[in-house]
Amino acid sequence: MDENEFEPRYDHVKSEEKIYKLWEESGYFNPDICAENGVTAADAEPFSIILPPPNVTGELHMGHAAMLAVEDVMVRYHRMNGKRTLWVPGTDHAAIATQSKVEKKILKEEKKNRHDLGREEFLSRVNAFAQESHDTIVRQIKRLGASLDWSREAYTLDETRSRAVRTAFKEMYDRGLIERNFRVVNWDPKGQTVISDDEIVYEERKTKLYTFRYGKILSGPEKDKLFPVAISTTRPETKFGDVAVAIHPDDERYKKFAGKEYDVAFCGAALHIKIIADQSVEKDFGTGALGVTPAHSVIDGEIARRHGLPFKQIIDEYGKMTVGGETVYGKKTAEAREAVVALLRNANLIEKEEEISQNVATAERTGGIIEPLPKLQWFIMVNKPFAAKTGKRHSDAVPAKAEIRAFNEKDEERTLKELMRDAVESGKVKILPGRFEKIYFNWIDNLRDWCVSRQIWFGHRIPAWYKDIDDESLLTQTDLAKEQPEKFYVDIEPPEGDGWQQDPDTLDTWFSSGLWPFSVFNWPDETADLKNYFPNSVLETGYDILFFWIARMILMSTCLMGEVPFHKVYLHGLVRDAKGRKMSKSKGNGIDPLEMADKYGADATRLSLIIGAAPGNDIKLSEDRIRGYRNFSTKIWNIARFIMQNSEWRAENGEMKKNERHEIYLKEFEALKSEVTAHIENFEFHLGAEKMYRYIWHTFADKIIETEKENLKNGTEAEKAASYAILESLLLGSMKLLHPFMPFVTEAVWRKFRPEKILMAEKW
RNA sequence: GCGUGCAUAGCUCAGUGGUUAGAGCGCUCCGUUCACAUCGGAGAGGUCCCUGGUUCGAUUCCAGGUGCGCGCACCA
């Protein structure tokens, strides 16, 4: 590029590629290099953001582009403001999401499942896919101009992060915050794994509510009489697993039955039913009596636990019946339901059938209908009080690698739930827009223990080893009384000696994501980065992962670091299509950010995601908008071109001879600068960007340039020099203020006028 | 059920206790020896959802209503 020549047309793609290279070569994405070269003071205040690591499941979408645009605005602004600014890149292995993607691919292409390949071969396939996705994603992030410090790139599944995961697991286990428990969990028959409460998506469906009686009493004084209480259910097939009928303690209708036990017939099987009183029963729902199926309902499981009732599993991992006569046994639950209803109907036991709508729990990733099953799984105990400093560790024989420093000055007994609540309630974490704090508290209040084990292969293997138990019993054991802990060895490295087997399960992907704000700085090592950049200044992400991720980071950080993970959370909206639907590949309604960047430039794509998007509000994006902002970057280019064409009037001593008119321009500009600065500081990026847009186009180009144009043509030499000087000054000033929003075109223009300097590293 | 967001131009959305409420796209008319046709100029287009309150003044703040959306819980 000839420095003084402006091509009449601005070639976005060519220019943007060149400029990103220029930035990368300057090294200024790295705060250490900024400090070495005097761009920032070595002791300047730090500003740090971690990039929410994109999943290595494929490619970036518009949501990622929005996130990158907003974060890059903050990062570039603070860097120009002289802060030691660090933005750490990385990717997330995304356990279930990635594994199921590869499984689908292999099934389609080779007609094989993961078991056909074996654990090792399958994992090498997933890793290859992950690597490929990673490379694509990194290329795409760069294409959009994100000023990330690539020398610090991390991956949730790399060795450093894996060590952090094992360390965290061990520390929490030792403090009793991680337990292996037998509970009714959310089983996804399609994905063949347990999932957490947050990975459930409820779908409203119409279904039938049946009111009926089990059948005849089989023994005792009331033999051959009908069971005295009718119950209501939407899932009659599960009633083979019933062990009790629960009623409300104050229910006059049923009080008299409380404590009685019956042997009763049900569809050819025999049930032993105890009638119990429990506060959790709604008197007004159905008959007011609830058939308790401990093994196949989370709520019933809890009731059973309270009353010491047995868990009777009658549905297997594939959602098939393991009991019943020939019309039921081995059938899927939906078919079995029909069969059971038919049997009940024939026996004239059904009293009522009514249509109701209910929320069906489905798995977020696979869409499978959740089948609650009792299983032995690892849980993070959010309601269990612990004392960070003096509290007991149950493996004190093994020295702590990283001491838990939980989030309280006094060494009080606190629960993780309380720590999570305190972090936000105390104001140590501020969530923007503020309304999300309420949503956060609401979620916290309803939080149950977090099931962290998954029966999939891709992910962090649980760092627990067993001796003298075979895998089969690990998965099927249902005996509550059996003491578990003594049989485990939980540590960061495998135990010595023979005969140890590692738990076959892996961890929920959000376990490692939860550590991200400090694991990226190589925790548990006490690194300089950890000291400088943790807690992070800001965490920026979409509001859809407030619970999945933000809450988990707060949990992990307050527990393990004794500190909040970040001071501010800024939530952006979701990017939707012109009809308001969430953009997704399967719907085919997505606008590809890279395609837009190629067509209209990364600058225009970014600006379209910032202007018109109020914090936390969804963005409806259309290609027209992006095209509109492409026109803006062309406009900027032509403004600069015009000014450059008059550069013969540049005064030799560089001094600006201002007149009254020019004073007004400068005053106006100063006002603009302080407004834009305030907007960025207040996370009102859309306002800052829009003001720059209006100023550059409708004030600077339409009014100021048009006025000075006259002077440049017909003025005296001094007038021409003055006009040129003011135009150049306002142009370069504007380029600075616009740079965080449109980094490429502003840098390109800057290079024409100040080729010896890089705009990115200029003072704000 | 609890909570929460939105309602502004034809469309998609910003914004504001005070003169004339803005952007992108779309629409009408005019313009190309001009930095810019990826453009410029001019213009049409608004009951700022309804009702009430606070106020000198409300599209903006408050309450209620209507419509649409979202989160959580329940879901036998």
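Letters A, B, ... are given to chains in the order of the sequence lines, protein chains preceding strands, and every chain is numbered from 1. Bear in mind the structure is a predicted one, so any value in this text is a computation, not a measurement.
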Residue met sooner reading RNA chain B from 5', once A:Tyr202 and A:His698 are mapped to nucleotides: A:His698
Side chain to side chain contact (heavy atoms under 4.5 Å, CB included) assessment of A:Phe685 paired with A:Ile680: CA-CA 5 Å; A:Phe685 310 109; A:Ile680 297 178; 3.9 Å; yes
[X] near the nucleic acid: base, sugar-phosphate alone, or nothing, with a heavy-atom cut-off under 4.0 Å?
| X | result |
| --- | --- |
| A:Arg448 | sugar-phosphate |
| A:Thr287 | nothing |
| A:Asp624 | sugar-phosphate |
| A:Phe436 | nothing |
| A:Arg9 | base |
| A:Ile639 | base |
| A:Tyr693 | sugar-phosphate |
| A:Asn617 | sugar-phosphate |
| A:Asn646 | nothing |
| A:Ile626 | nothing |
| A:Ile611 | nothing |
| A:Val292 | nothing |
| A:Arg641 | sugar-phosphate |
| A:Glu708 | nothing |

Can you figure out which of [options] approaches the side chain of [X] most closely?
| X | options | value |
| --- | --- | --- |
| A:Phe547 | B:A73, B:C36, B:G71 | B:G71 |
| A:Glu690 | B:C75, B:A23, B:C13 | B:A23 |
| A:Lys438 | B:A23, B:C36, B:G3 | B:G3 |
| A:Asn631 | B:A35, B:U38, B:G15 | B:U38 |
| A:Asn359 | B:U38, B:G5, B:C75 | B:C75 |
| A:Asp702 | B:U38, B:G41, B:C72 | B:G41 |
| A:Leu687 | B:C75, B:G24, B:A14 | B:A14 |
| A:Ala614 | B:U4, B:C39, B:G15 | B:G15 |

Separation between the C1' atoms of B:U47 and B:G43, rounded to whole Å: 23 Å
Criterion side chain to side chain donor-acceptor pair (under 3.5 Å) on A:Asp198 and A:Trp443, from CA distance to verdict: CA-CA 10 Å; A:Asp198 297 291; A:Trp443 179 80; 2.9 Å; yes
Any side-chain donor near an acceptor of the partner, A:Glu708 and A:Tyr665, under 3.5 Å: yes
B:U33 - base-pair partner by Watson-Crick or wobble geometry, distances under 3.5 Å: none
G-U wobble or Watson-Crick pairing nucleotide for B:C75 (cut-off 3.5 Å, both distances): none
Whether [X] contacts [N] is assessed here as follows: a side-chain N or O lying under 4.0 Å from the phosphate OP1 or OP2. Is that the case?
| X | N | answer |
| --- | --- | --- |
| A:His686 | B:G15 | yes |
| A:Lys635 | B:G40 | yes |
| A:Trp697 | B:A35 | no |

Side-chain donor or acceptor of A:Glu437 paired with backbone N/O of A:Gly434 under 3.5 Å: no
Cation-pi geometry met for A:Arg606 and A:Phe741 (6.0 Å, 45°): no
A:Phe642 six-ring face occupied by A:Lys709 cation (under 6.0 Å, within 45°): yes
Donor/acceptor link under 3.5 angstrom from A:Glu684 side chain onto base of B:A14: no
Salt bridge (charged side-chain N to carboxylate O under 4.0 Å, His left out) between A:Glu355 and A:Lys206, worked out: CA-CA 7 Å; A:Glu355 188 124 297; A:Lys206 286 256 177 275; 5.8 Å; no
